[in-house]
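Computed from a predicted structure; not experimentally measured. First the proteins, then the strands, lettered A, B, ... as listed; each starts at 1. What's counted below: heavy atoms across the whole structure, side chains too, no hydrogens, waters or symmetry copies.
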Amino acid sequence: MAEDDEPYARIAGWYDAEFAASTADADWHARTLPRGRTLVLGCGTGRVCRTLARDREVLGLDLSPAMVEEARARHPALRVQVGDMRAFSLGTFAGIVIPNAAFSFLATRADQARCLASCAAALEPDGLLVIDVPMPMAELLGTPRTPEKPAWQGGGVLRTREVRRYPVAQKLELVDRYYVPGQPPVRSVLHLRLIWPAELEWMVEAAGMYVERLAGDYADRPPVEGCPRLIAIVRK
Amino acid sequence: MIQVDDATLALGGDILLEGGSWHVRPGERVGLVGRNGTGKSTLLRAIVGEVGLDRGTVTRRPGARLGWLPQRAVSGSTRPVWDEVASSMDWFHLLKAELDAAGQAVIADQPGAAERLADATEIFRTQGGFAVDAAIGEVLHGLGFAPDRWHAPCDTFSGGWQMRIALARLLLSRPEIALLDEPTNHLDLEARSWLAAFLARVPWTVVVVSHDRWLLDRAVTRIAEIRSARLHHYVGNFAAFLKERESRRADQLGKFARQQAEIARLEGFVERFGAKATKAAQAKSKQKAIDRIERVEAPENDGDLPRFRLPAPRGSDRVAIALRGATAGWTTPVFQGCDLELERGMRIAVLGPNGAGKSTLLHALAGRLPLAAGQRLVADGLRIGVFSQDLAAELPAAETALQWLSALAPLVPPQRIRAVLGALGLRGDDALRELGGLSGGEKARVALAALAIRPHEALLLDEPTNHLDAESVDALVDALEAWEGALVLVTHDRWLVERLATHVVRIDPGSIRFRIGLRPEDFERPPPEPVAQRIAEPATDHVARRKRERDRDRLVRQIQALEQEIADDEAQMASLQERMYLEYDRAAALAQERRAIAARAEARYATWEALDAELTEGDGDRGSARVR
């Protein structure tokens, strides 16, 4: 039985309900990115776009029609469209951001290379690219499976998460289930590629850009053991 | 309450118990445990007096009321259930007779009759005589009798229900000693939960033979174990027993090892120097020392069961079996439009009343029952293992367990097959007996072993633990817990559900709900309709009287507190009055303070008056009631 091709199709509303409140990353992007025309790749329900759009022109791109629809419904003033971050041609931008692990969903080297090449082409000469992915937690890689556990509850919905880890493939499988009383649970399966700091630098350099700086969290601390994020500030 | 001294019991040449001693004190609730066939039921029957001991004595406290529930209890009555279970309540009938006699005495105007009636009424009330119908209702409801069957004749009930009738009779008879042999055997999940809670709060002496972990963990305060034909005693519930037994075994092993080392040392001395004339005397004394040593027995080897693991599931499909809009039932649809996905790593407990379709769902998932409508989707290469008691009964009679299992899994070495059988409680030569000669419980173990030696991605188990002893259940649960496949479990064993289930499918007539996690209400029957009292309480209602007394006490306390406060206020005002003369520079402030206190005292006095009036009024009420 095939998995849902579109993991966000049925959960876009809940996704926004859960994450709308978190603004640490969006605030960081707003501080870091230049004020010029900005592109958000993997914009989801428009959470990051909305913050950035306060003082700049923003375009959001997402592969999931459900998420784009949700973003349009929630923020009619935002410009968001369905599109593939591996191959886009939307003009040039002073800033490009791939927020909240969106880059980790690119499953293969080819996908990653195509995405970075598109970014390099779309970036203005003194433009800035930000890639924000979770820092792999080395100590968890020895645990093949974390069983289903409640992760979030709100609006009458319980979200649980089950995690499977494939260290050799550098992959995480996140199985989120949304339980609504009286209905069969809705499942959303995400496959995340784990990316290590040096690996990210290599990728960026292979695409003809360079990493100006790495950050380990939204307080701009450098990446250290146990830090939550791996954020690359990239120039070409 | 029960004293067993130096008891030896044999059955057909096998010694079940040798030199067992046991003292059950009043109010103790003891779980009598041990593997199948170790003589638990026989010992219970010896205590009752149904079988004699081969040696030793059993004494029960003289005159103690005994309640005895044998394993296959049948009421044999044709009376309605309600009357049948009420007929066991001798305590009630005696009290009722006295109450009626006292009432007659009052009518006949006998001397002292009023006091006699008052006493009889009070005893009847404190013993729950007025609440007897509610008590019967609670027990019948707890054991799962639907209210519309409460007055149906006993002989219209099937075997399992006969056992419940007998159990209800026993529980309502309020015995001083209750002896129960496998009381949960025919009970559903809710009734088992209820019985465990009920037994946990009775003041009687209880001895219960059971394999039900939930009952043994919740309702008993001690464990007596029959192991290797001996009785071992433990304080605490079953979980405490398992721990304590392990630590005793470790102790024993340490003592045994130390003693063996000492014996070896002494023997070495004797051997080396025994022939030497100069050392002969010493060698002789060492030999004596060896002879004098009181030998510590080696801990029994049959203590812990071997553990086993289930072969890991293969494949990467997340969803093992899915039902889409499924309608199924053997004759008429039991459920309709059911959407259910069984995923790997999920351990689903199917809960719901009997007859709601738990087994039907299991068979529909297994593909053994074709769907009347809807779809059943199965992952590629999925291997489903199914267990149910009726499948276990169909094993080929002429083969031995080992032959049959080896043929099923030719690549699995016989040692492993025997280890799995051993872990499930089928030891030694039992593996070489023909399946036809095995008991139902033993066949069930073989069928479970068949699931444990071959890899599966999904296991669908219908009452897997029914005939297993507590230790085999432990081994099975450990194996299932460590296994990553998809599990569906239909069971009445609450402990099993609590240990294993990650998700619940709740089947009620007309609805199937799926959710994550367990809730306490999954194990409890919804509360019954209140039972109408047939014997009305007398007009001086006990509860109302207590309330009136409490109200009066509260009023008196409030009045006393107020009187104290008013006295304090007056003392303060007197003191301020004095200070106004001495501290004339602050006289204005002090006067203001005094006025404030005077106002407060005035308000308190008003309250006091109101409360006092209320108190007098209440007393007047009671006075007039007395006159009437």
Side-chain angles (χ1 to χ4, degrees), chain A residues 1-11 14 18 105 107-108 140-193, chain B residues 312-313 315-326 335-348 361 365 374-382 457-458 480-487 499-508 510-519 521:
Chain A
M1 277 168 281
E3 294 293 355
D4 295 338
D5 295 332
E6 235 272 65
Y8 290 110
R10 295 163 70 194
I11 63 151
W14 296 320
E18 179 175 354
F105 292 109
T108 63
L140 284 180
L141 288 180
T143 310
R145 170 171 179 254
T146 303
E148 185 176 4
K149 276 193 287 217
W152 173 76
Q153 195 156 16
V157 182
L158 169 70
R159 176 173 75 80
T160 65
R161 173 162 284 182
E162 176 189 343
V163 185
R164 281 168 193 275
R165 301 183 182 83
Y166 305 91
V168 174
Q170 283 184 228
K171 273 191 185 165
L172 286 187
E173 185 181 66
L174 309 178
V175 185
D176 287 354
R177 295 184 184 85
Y178 293 80
Y179 291 84
V180 185
Q183 288 173 29
V186 175
R187 187 178 57 236
S188 149
V189 183
L190 305 174
H191 294 272
L192 241 73
R193 200 184 146 84
Chain B
S316 60
D317 274 337
R318 175 179 332 289
V319 179
I321 309 171
L323 296 181
R324 300 264 156 82
F335 54 81
Q336 290 179 323
C338 167
D339 286 311
L340 182 67
E341 287 189 346
L342 174 60
E343 301 183 36
R344 65 180 182 199
M346 273 187 182
R347 299 195 293 262
I348 300 178
L361 177 66
L365 282 167
Q375 263 186 311
R376 172 176 173 271
L377 306 169
V378 178
D380 286 342
L382 183 84
E457 282 71 45
L480 287 171
E481 210 171 34
W483 182 66
E484 290 257 299
L487 175 69
R499 271 283 303 270
L500 285 177
T502 59
H503 295 74
V504 167
V505 170
R506 173 110 219 151
I507 306 190
D508 289 302
S511 85
I512 294 191
R513 277 164 300 165
F514 178 85
R515 62 181 154 71
I516 185 169
L518 296 167
R519 298 174 193 174
E521 57 264 35

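Proximity to chain A involves both the backbone and the side chain of B:R344, based on heavy atoms less than 4.5 angstrom apart. Neither the backbone nor the side chain of A:P147 comes within less than 4.5 Å of any heavy atom of chain B. Only the side chain of A:V175 comes within contact range of chain B, with heavy atoms under 4.5 Å apart.
Between chain A and the residues B:R506, B:M346, B:R513, the largest count of heavy-atom pairs under 4.5 Å involves B:M346.
Salt bridge annotation for A:R177-A:E162: present, with a cationic side-chain nitrogen under 4.0 angstrom from a carboxylate oxygen.
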Report task. Show your reasoning for whether side-chain hydrogen bond (donor to acceptor under 3.5 Å, both in side chains) applies to A:R193 and A:T108. Result -> CA-CA 9 Å; A:R193 200 184 146 84; A:T108 63; over 6 Å; no

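Taking CG of B:L342 as the start and CD1 of B:I348 as the end, the distance is 5.0 Å to the nearest 0.5 Å. Taking CZ of A:R187 as the reference point, atom CZ of B:R318 lies at 6.0 Å (rounded to 0.5 Å).
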